[in-house]
Amino acid sequence: MSSQRTTERVETVVIGGGQAGLAVGYELARRGLPFVILDAHERIGDAWRKRWDSLTLFTLARDTGLPGKRFPARSSTFPTKDQMADYLESYAKQFALPVWTGVRVERLSRERDYFVVLAGPRRFEARQVVVAMANYQVPRVPPFGRALAPEIVQLHSSAYHNPAQLREGGVLVVGVGNSGADIALEVAQTHATWLAGKESGHLPFRIETAVGRHVLLRLMRFIGHQVLSLRTPIGRRVRPKMLHGVAPLVRVKPTDLIAAGIERVPRMTGVQGGRPLLADGRVLDVTNVIWCTGFEPGFSWIDLPVFGDDGEPLHEKGIAGTEPGLYFVGLHFLYAMSSATVIGVGRDAARIAKAIAQRTREVMAA
């Protein structure tokens with residue numbers, strides 16, 4: 001199969017055409033550097049379009065734009081996921097970024113001076129590669145989920161769109177992160193709903209209020225973007241904990257769950273008689289289970305020694321020191337708490353583009 005692949009040589013390959021990849025593309029184009037962006041989706045922005053229908057961002061429109069282009073909405077509104085998807089598509093078009101959609105990268109390796117990127121019938125050779133993807137790629141579902149009765153509808157949060165996908169009867173939402181709380185509130189309008197797991201805390205204010213929008217969110221942005229970064233002692237100290245911790249609830253409060261009639265239950269520990277078994281020994285007779293249990297990093301396609309024992313990439317502010325020419329953008333706390341968000345990805349992209357420009361000059365001078 002590899003002998004049938006056509007080989008194309010590109011100076012820099014950016015893997016991933018979401019906000020991280022597009023921001024990198026903008027910065028590379030601004031510096032006049034040749035590159036191509038590869039994205040597995042059929043359309044730019046599909047990673048957002050395919051999320052659940054009612055999803056709304058936690059960031060205001062004023063903070064949601066990428067470098068060079070404001071978000072086209074009233075600054076004090078929270079964009080929907082479809083607005084975000086359309087914005088990314090228009091961003092790529094406005095700056096004429098060379099995004100190749102429908103190209104899924106299967107392997108990344110190295111042969112002497114070039115990285116080798118395999119994607120279907122294509123084989124790319126590149127001196128530099130940017131992996132512009134988040135840590136959250138492969139849906140995580142506990143193995144015991146396979147023991148649930150076949151008539152129970154099971155959906156991971158990545159496949160959930162709206163309550164029309166569910167059977168009549170009760171719904172168990174597993175996981176009390178932001179996706180779990182948001183989805184539980186929605187399905188509780190039409191189904192008896194149980195929410196399993198321990199809450200990781202919540203913001204002590206409403207982000208939708210005037211004070212929340214104009215004062216407190218600005219403060220949070222400053223803390224997440226400037227204070228909790230590798231530039232500060234406190235940022236360096238809390239980073240290891242935050243890399244593996246669970247984010248607090250942003251929009252939903254515990255009182256919202258109570259008001260919606262959602263029953264909070266302990267974590268799900270297994271299956272008994274084809275039904276969900278809880279930590280307190282109860283067995284729930286539900287017809288639907290929605291797994292809001294997070295994601296695995298999903299970097300198994302990278303055949304390079306750049307990962308730690310926990311499977312996370314080893315890097316210094318996005319630069320993989322053990323593999324010169326390999327970079328990461330979009331990872332959780334790559335440089336700051338904001339690094340995996342639209343707020344922080346532009347700054348990281350500029351730093352990586354600068355490193356690529358420097359290395360390009362060094363290679364050409366050698």
Side-chain angles (χ1 to χ4, degrees), residues 46-56 58 81 134-202 244-298 300 311 332:
D46 273 356
W48 284 96
R49 287 189 191 89
K50 293 180 178 181
R51 302 181 74 178
W52 69 88
D53 297 348
S54 62
L55 176 63
T56 302
F58 296 142
K81 53 101 176 181
N135 310 61
Y136 325 115
Q137 297 297 323
V138 179
R140 182 192 298 128
V141 175
F144 55 68
R146 293 191 291 268
L148 286 170
E151 65 268 19
I152 292 180
V153 172
Q154 293 190 61
L155 293 170
H156 188 268
S157 60
S158 59
Y160 170 81
H161 296 292
N162 56 60
Q165 296 170 276
L166 306 176
R167 287 185 57 196
E168 290 186 8
V171 180
L172 173 63
V173 178
V174 182
V176 195
N178 282 291
S179 59
D182 285 355
I183 291 172
L185 277 181
E186 180 168 86
V187 301
Q189 298 176 40
T190 53
H191 295 70
T193 303
W194 290 261
L195 181 58
K198 184 179 180 181
E199 180 197 328
S200 58
H202 61 275
H244 302 287
V246 180
L249 299 183
V250 176
R251 183 171 280 121
V252 177
K253 304 291 181 285
T255 52
D256 299 331
L257 301 173
I258 295 171
I262 297 168
E263 183 176 347
R264 299 291 301 276
V265 295
R267 64 188 180 91
M268 181 179 172
T269 57
V271 176
Q272 183 173 308
R275 303 297 176 192
L277 173 66
L278 304 180
D280 62 1
R282 276 187 289 170
V283 176
L284 293 183
D285 186 16
V286 296
T287 55
N288 307 274
V289 173
I290 302 177
W291 301 103
C292 296
T293 42
F295 296 80
E296 302 290 347
S300 60
H332 180 46

Intermediate values then yes/no, side-chain contact (heavy atoms from CB on, under 4.5 Å), Leu277 and Val271: CA-CA 5 Å; Leu277 173 66; Val271 176; 5.7 Å; no

Derivation and outcome, side-chain contact (heavy atoms from CB on, under 4.5 Å), residues Met268 and Trp291: CA-CA 11 Å; Met268 181 179 172; Trp291 301 103; 3.7 Å; yes

Sequence neighbours excluded and cut-off under 3.5 Å, please list the side-chain donor-acceptor pairs for residues 169-184, or say none.
residue: Asn178; atom: OD1; partner: Val250; partner atom: N; Å: 2.8
residue: Asn178; atom: ND2; partner: Pro248; partner atom: O; Å: 3.1

Validation: residues 137-152 side-chain donor-acceptor distances under 3.5 Å, sequence neighbours left out:
residue: Gln137; atom: NE2; partner: Ala134; partner atom: O; Å: 3.0
residue: Arg140; atom: NE; partner: Glu296; partner atom: OE2; Å: 2.9
residue: Arg140; atom: NH1; partner: Thr293; partner atom: O; Å: 3.0
residue: Arg140; atom: NH2; partner: Phe295; partner atom: O; Å: 2.8
residue: Glu151; atom: OE2; partner: Arg275; partner atom: NH2; Å: 3.3

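Looking at Asp280 and Val265, their side chains never come closer than 4.5 Å, going by heavy atoms from C-beta outward.
For the salt bridge (Lys or Arg N to Asp or Glu O under 4.0 Å) condition, no pair includes a residue of residues 157-177, sequence neighbours left out. Under the side-chain hydrogen bond (donor to acceptor under 3.5 Å, both in side chains) criterion, the residue pairs touching residues 258-273 are Trp194-Glu263, Glu263-Arg282, with sequence neighbours excluded.
Not counting sequence neighbours, the partners of Ala47 by the side-chain contact (heavy atoms from CB on, under 4.5 Å) test are His41. With sequence neighbours left out, Ser300 forms a side chain to side chain donor-acceptor pair (under 3.5 Å) with no residue at all. Partners of Asn135 under the side chain to side chain donor-acceptor pair (under 3.5 Å) rule, at least two apart in sequence or in another chain, are Glu312. His191 meets the side chain to side chain donor-acceptor pair (under 3.5 Å) test with no other residue; sequence neighbours excluded. In this view, Asp256 and Arg206 satisfy the salt bridge (charged side-chain N to carboxylate O under 4.0 Å, His left out) rule, not counting sequence neighbours. Under the rule for a side-chain contact (heavy atoms from CB on, under 4.5 Å), the partners of Thr56 that lie at least two apart in sequence or sit in another chain are Phe78, Arg251. Not counting sequence neighbours, His332 has no partner by the side chain to side chain donor-acceptor pair (under 3.5 Å) test.
Note that CG of Asn288 is 10.0 Å distant from CD of Gln154, once rounded to the nearest 0.5 Å. Interatomic distance, CG of Leu185 versus OG1 of Thr193, reported as 9.0 Å (0.5 Å rounding). Distance check, rounded to the nearest 0.5 Å: CH2 of Trp52 to CG of Leu155 gives 13.0 Å.
A pairwise comparison of heavy atoms in Pro266 and Ala196 identifies O-CB, 3.4 Å as the closest pair. Across every non-hydrogen atom of Ala159 and Gln165, the tightest pair is O-NE2, 3.0 Å.
Side chain of Glu199 to backbone of Leu249: no donor-acceptor contact under 3.5 angstrom is found.
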